[in-house]
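Below is one structure; the comments refer to it alone.
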Amino acid sequence: MNEILLNVLSCVVTAVIIPLITLLGSKLIKWISSKIDNEKTSKYITEATTIVLDAVKCVFQTYVEALKKEGSFNKDAQLIALNKAKDIVLSQLSEDIKEYINKNFGDVDTWINTQIEASINTLKNVSTKA
């Protein structure tokens, strides 16, 4: 009787438990991978947007503000300011972040331009509400 029970339990383990462990193992691996990817994504996006925002603030403080006081902040000056901010961002982004942006958002230059413009808009809206 014990022998039959052991054989039945062995079959149950083989037929049910082992595939269940395999399934749970693959689910665990996917979950862990998603957490790692999410943390990595969060880190890259946070770092990149901080760099952009800091570059915009820096260019505003060192370049734009003085020109605005003089009343000479025109379209040409705006383009120069954009390029100054873009140069700062490109010099500070790591190759890993550039690769991530390129892979997930397309062209790095286009992404940087968009983020700079969005940051300027955000800063203008915050300053007009203050």
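In what follows, residues are counted from 1 in the order of the sequence shown.
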ask   = So how far is it from Asp87 CG to Ile112 CD1, rounded to the nearest 0.5 Å?
value = 9.5 Å
ask   = Quick check: are there more than 12 heavy atoms from other residues, nucleotides or ligands sitting under 6.0 Å from CD of Glu65?
value = yes
ask   = Which atoms form the tightest heavy-atom contact between Asn113 and Lys86, and what is the distance?
value = OD1-CD, 3.5 Å
ask   = For the hydrophobic clusters of this structure (ILVMFWY residues joined by side-chain heavy atoms under 4.5 Å, transitively), does one cluster hold both Ile101 and Ile88?
value = no
message = Return the NZ to OH distance between Lys98 and Tyr44, rounded to the nearest 0.5 Å.
response = 13.0 Å
request  = Working to the nearest 0.5 Å, report the span between OG of Ser94 and CD of Glu47.
outcome  = 5.5 Å
ask   = Minimum heavy-atom separation for Val89 to Ile51, with atom names?
value = CA-CG2, 3.9 Å
Shortest non-hydrogen contact from Ile97 toward Ala48 = CG2-CB, 3.9 Å
inquiry  = Could you go through Asn104 and Thr41, starting from their C-alpha distance and side-chain angles, then the distance that decides it, and tell me whether this counts as side-chain contact (heavy atoms from CB on, under 4.5 Å)?
reply    = CA-CA 10 Å; Asn104 292 282; Thr41 296; over 6 Å; no
key: Cluster check Ile116, Trp111: I/L/V/M/F/W/Y, side chain < 4.5 angstrom   = yes
message = Starting from Ile80, can I reach Leu82 by hopping between I/L/V/M/F/W/Y residues whose side chains sit under 4.5 Å apart?
response = no
query = Once the angle between the rings of Phe105 and Tyr100 is folded into 0 to 90°, is it parallel (under 30°), tilted (30 to 60°) or perpendicular (over 60°)?
reply = perpendicular
query = Which atom names give the shortest non-hydrogen contact between Ala85 and Ala55, and what distance separates them?
reply = O-CB, 3.7 Å
ask   = Which is it for Gln78 and Asn74 under the side-chain contact (heavy atoms from CB on, under 4.5 Å) test, yes or no, and what are the steps along the way?
value = CA-CA 6 Å; Gln78 287 176 2; Asn74 57 26; over 6 Å; no
message = Keeping Asn121 on the side-chain end and Glu117 on the backbone end, is there a donor-acceptor pair under 3.5 Å?
response = no
request  = Report whether Leu53 and Val59 are members of the same hydrophobic cluster (ILVMFWY, side-chain heavy atoms less than 4.5 Å apart, transitive linking).
outcome  = no
key: Approximate separation, where rounding is to 0.5 Å, of Gln92 CD and Thr50 OG1   = 10.5 Å
inquiry  = Rounded at 0.5 Å granularity, tell me how far CD in Gln115 sits from OG1 in Thr122.
reply    = 9.5 Å
key: In one Ile/Leu/Val/Met/Phe/Trp/Tyr side-chain cluster, 4.5 Å: Tyr63, Val56   = no
task = Only one of Thr46, Ile45, Asn38 passes side-chain contact (heavy atoms from CB on, under 4.5 Å) with Ser42; say which it is.
result = Thr46
